[in-house]
Amino acid sequence: MTTQIKSLLLDTRLPRLEVRMLLEHVLAKPRAWLLAHDTDPLAPETAAAYQALAQRRLAGEPMAYLLGQREFMGHMFRVTPDVLIPRPDTEVLVETALECVAGQSAPAVLDLGTGSGAIAISIALARRDARVMASDVSAAALAVAAGNAWELTASVRFVEGSWYDAVPAGEGFDLIVSNPPYVASDDPHLGQGDVRFEPRGALTDGADGLEDLRRIVAGAHRHLKAGGALWMEHGWDQAEAVRGLLAAAGFTDVHSRRDLAAIERISGGRWPGRG
Ligand code: GLN
């Protein structure tokens, strides 16, 4: 007996949108094709491929890992379990970064802990003149990021290492951005939903959630030009603490911005420099 595409579209175990996306993925066809061909017979191996993905989805694996991609800032990024899945909330960090360097030509930008490269690559694509460097401590993550830069034709220099250890001495930046791990190690959220499948090291600092943010703030002055800016993403309840870190380190014009859910999601400031 042959299965029709239609019979899988009626799979009620998963939300309709997810069923459709998984089917489009195994068939490698767009939505319009799927709807016009819903009475076509489905090859047994395609049906099996769908069932395998559906089972993994039912076991909780994120859609982005099953599909191997996620859109961010209008670009499609390849993602694997080696990297955090780009979040729409992080777009405010990219938008703010672009505003920061709006008046400068050939700005030097550093993205610390780049993961899939979503932030660095989005900046590089929006500002073709920018000199963008991106670091990660994970070689596997850097391989994903470099693949994305290649696919999207972004010019980004990737460096491997922990935070500023990765950055060659003497490089001065107009802007440093980061979406570091900021979830506290005892946050029950780590055991729920998609994040269970994401790299633990990209989510939590293994401490109170502010450890890596502190490190990034503390080292920034050695890598920022006078007047350069630092912007970081952080947790829903960390804005005040991060503003405090920035102010205590000597940053001026310290403030936070809200994400799509109106939560203060990023904080930053300007390094006045000396003299
Ligand atoms: N926003 C992510 C979450 O809530 C955490 C990302 C991060 O730690 N940088 O799961």
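If you read the sequence from its start, that first residue is 1, and numbering goes on from there. In each ligand, atom 1 is the first atom listed, and ligand 1 is the first ligand listed.
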Which of the numbered atoms in ligand 1 are below 4.0 angstrom from a heavy atom of Val195?
10 (O)
Using 30° and 60° as the class limits, which term best fits the ring planes of His75 and Phe77: parallel, tilted or perpendicular?
perpendicular
Would you sort out whether Arg214 and Asp208 count as a salt bridge (charged side-chain N to carboxylate O under 4.0 Å, His left out), showing the intermediate values?
CA-CA 11 Å; Arg214 278 189 204 100; Asp208 64 351; 2.7 Å; yes
Would you say Ala202 touches ligand 1, if touching means a heavy atom closer than 4.0 Å?
yes
Counting from 1, what ligand 1 atoms have a heavy atom of Asn179 closer than 4.0 Å?
7 (C), 9 (N)
Same cluster for Leu224 and Ile216 if Ile/Leu/Val/Met/Phe/Trp/Tyr side chains link at under 4.5 Å?
yes
Does ligand 1 come near enough to Arg87 that some N or O of the ligand is less than 3.5 Å from an N or O of the residue?
yes
Which of the numbered atoms in ligand 1 are under 4.0 angstrom from any heavy atom belonging to Leu84?
6 (C)
Measure the shortest side-chain to side-chain distance between Leu67 and Met21 over non-hydrogen atoms and say whether it is less than 4.5 angstrom.
yes
Between Phe173 and Val109, what is the shortest heavy-atom contact and its length?
CD2-C, 3.6 Å
May I ask whether His189 has any heavy atom positioned less than 4.0 angstrom from an atom of ligand 1?
yes
Ligand 1 to Leu203 polar contact by distance, N or O atoms, under 3.5 Å
yes
Linking I/L/V/M/F/W/Y whenever their side-chain heavy atoms sit closer than 4.5 Å, directly or via other members, would Leu213 and Ile266 fall into one cluster?
no
If you have a sec, work out which protein heavy atom is nearest atom 1 (N) of ligand 1 and how many Å separate them, to one decimal?
Tyr182 OH, 2.9 Å
Is the Trp271 ring parallel, tilted or perpendicular to the His221 ring (thresholds 30°, 60°)?
tilted
Go through the steps to decide whether Arg257 and Glu95 satisfy the test salt bridge (charged side-chain N to carboxylate O under 4.0 Å, His left out), and finish with yes or no.
CA-CA 11 Å; Arg257 284 194 169 186; Glu95 286 156 7; over 6 Å; no
Atoms of ligand 1, numbered as shown, that sit under 4.0 Å from any heavy atom of Pro181
8 (O)
Under 3.5 Å between some N or O of ligand 1 and some N or O of Pro180?
yes
Thr90 near ligand 1, heavy-atom distance under 4.0 Å?
no
